[in-house]
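To keep things clear, I will list the structure first and then write my remarks on it.
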2 protein chains.
Amino acid sequence: MISPKRQGGSFKMAQKNILQFIILGLINDHPQTGYELTKSFDNDIGEFWSAKHSQIYPQLKTLEEKQYLTHTMEVSGEKLERKRYSITPAGQHLLTAWIAEPTINQTNGKDEFVLKLYFIHDQTDPRLTTMLEEQLQYHTEKLTHLKNQLSKKFPDGGDPANFGHYLILSHAVSRETEYYDWLNDALKQI
Amino acid sequence: MISPKRQGGSFKMAQKNILQFIILGLINDHPQTGYELTKSFDNDIGEFWSAKHSQIYPQLKTLEEKQYLTHTMEVSGEKLERKRYSITPAGQHLLTAWIAEPTINQTNGKDEFVLKLYFIHDQTDPRLTTMLEEQLQYHTEKLTHLKNQLSKKFPDGGDPANFGHYLILSHAVSRETEYYDWLNDALKQI
DNA sequence: CCGGGCATGTAAAAGGTTACATGATTTA
DNA sequence: TAAATCATGTAACCTTTTACATGCCCGG
């Protein structure tokens with residue numbers, strides 16, 4: 001396998017609870033309600049992360065308690081209330097720190113890096129090159145590793161007696177190839 | 001988004017706890033210990049699913065209680081014991097049923113279908129065509145949807161003011177394209 | 001006036017990770 | 001003989017899903 005490398009600092013490294021950063025990122029773009037945040041996960045962002053309202057509402061509460069968010073009340077019609085959340089300077093700090101922090105690539109099919117990218121709007125943002133190159137390095141190693149596996153386990157192509165295994169390894173290789181190509185493309189565009 | 005469609009039967013549909021089926025599938029290939037199962041998730045299968053030993057040992061216990069597995073003791077050296085688990089006919093039934101059952105594609109980055117494939121060894125297995133075609137239909141629809149999104153949101157290619165969003169949508173499209181191509185390739189090979 | 005969508009929450013259960021705990025065996 | 005790996009398990013915690021619960025608003 002591939003060694004994780006890079007650490008994000010010698011002290012503690014709380015990490016995790018990625019949902020909070022996604023919420024912060026979405027609200028940083030513009031103030032919104034819990035309901036609107038929930039819907040975001042049905043759109044593009046849902047391709048890479050999803051969350052239910054039952055997770056979002058409590059998280060909003062927690063983030064407000066920690067003073068990363070504030071809210072104002074709005075009213076629709078006669079009495080339907082909604083809370084529109086805005087990010088605080090402390091919240092923006094936390095968000096920025098999360099984006100800047102080197103991304104540890106998880107093994108579990110979740111891709112934290114892509115989420116960070118989503119919150120970078122400006123094509124000329126100086127963080128882009130570093131972030132993309134860091135990922136490129138990781139995925140280059142991973143692709144090499146997988147290609148080695150494939151040619152080692154199936155030197156003659158699809159083995160009829162181990163077809164499923166062959167198929168998923170091929171899939172893993174082409175999936176990584178796509179990631180690699182995409183990162184290179186992105187780097188070319190900046 | 002895309003409607004899930006297809007149901008696996010009108011009665012109940014327990015589903016979930018996919019880990020149990022993976023364990024069953026791995027043990028069906030050959031009897032093994034909890035420790036060996038744990039290591040499987042560091043290899044190819046780990047590209048698509050992972051689990052820690054703290055999840056595996058209790059699951060083995062449960063599966064044995066339900067009589068889907070049995071174990072025999074082995075001894076290494078003087079006193080190091082290990083439990084080698086084998087699948088029972090009931091376990092094989094459960095495994096077969098899981099593989100046969102139409103796969104509902106999850107939104108959360110987990111890919112149950114690939115795992116099912118992994119446990120089909122024979123290239124001429126009659127289940128393959130159906131399974132691959134079912135997935136092909138799903139991913140064709142999804143690809144179409146994503147391409148529409150991309151051309152709708154970014155008709156002129158990379159928007160310098162929304163670059164991150166553009167990048168991840170492009171990534172989603174090429175990721176789906178890879179899936180689509182892979183499925184077609186697989187179908188050609190059977 | 002009714003159905004679907006808007007809007008917000010809580011509770012319980014399941015799934016998954018990290019930490020705790022222990023001890024044996026092999027390899028350098 | 002010390003470190004790495006083999007080997008198995010439990011406990012605590014965190015994350016995520018499903019279900020419960022309530023009520024308003026708008027369009028047909």
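Per chain, numbering begins at 1; letters A, B, ... match sequence-line order.
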| field | Proximity of Phe163(B) and His121(A) rings by center, below 6.0 Å | value | no
For [X] and [N], what is the distance between atoms [atom1] and [atom2] respectively, to the nearest whole Å?
X	N	atom1	atom2	answer
Glu36(B)	dC6(D)	CD	C1'	10 Å
Gln32(B)	dA7(D)	CD	P	12 Å
Lys39(A)	dA7(C)	NZ	P	7 Å
Gln106(B)	dG15(C)	CD	P	11 Å
Leu19(B)	dA14(C)	CG	C1'	13 Å
Leu37(B)	dG9(D)	CG	P	12 Å
Asn17(A)	dG16(C)	CG	P	18 Å
Ile104(A)	dT17(C)	CD1	P	15 Å

| request: For dT16(D), take OP1 and OP2 only and decide whether either is under 4.0 Å from a side-chain N or O of Lys110(B). | output: no
| Hey, does the side chain of Lys61(B) come within less than 4.0 Å of dT10(D)'s phosphate (OP1/OP2), counting only N and O? | yes
| remark: Quick note, Tyr35(B) side chain, CB onward, closest among dG9(D), dG15(C), dC6(D) is dC6(D)
| Which nucleotide, dG9(D), dT16(D), dC6(D), lies nearest any side-chain atom of Tyr57(B)? | dG9(D)
| Sugar-phosphate or base contact per nucleotide [nucleotides 17-28 of chain D; S, B, -; heavy atom under 4.0 Å] | BBB---BSS---
| Under 3.5 Å donor-acceptor, Ser174(B) side chain and Glu178(A) backbone | no
| task | Would you confirm whether Thr88(A), through its side chain, and Tyr68(A), through its main-chain N or O, come within 3.5 Å as a donor-acceptor pair? | result | yes
| message | Could you check whether any side-chain heavy atom of Thr107(A) comes within less than 4.5 Å of a side-chain heavy atom of Phe41(B), counting everything from C-beta outward? | response | no
| Pair Glu176(B) + Lys147(B): basic N to acidic O under 4.0 Å | no
| said: Here's a test for you: under side chain to side chain contact (heavy atoms under 4.5 Å, CB included), which of Asp181(A), Asn184(A), Thr177(A), Leu183(A) qualifies with His139(A)? | reply: Leu183(A)
Using atom types as modelled, flag every donor-acceptor pair under 3.5 Å from a side chain in residues 50-62 of chain A to any protein atom, sequence neighbours excluded.
from, atom 1, to, atom 2, distance (Å)
Tyr57(A), OH, Tyr35(A), N, 3.4
Gln59(A), OE1, Asn17(A), ND2, 3.2
Thr62(A), OG1, Pro58(A), O, 2.9

| query | Of Trp49(A) and Thr33(B), whose closest DNA chain D nucleotide lies nearer the 5' terminus? | reply | Thr33(B)
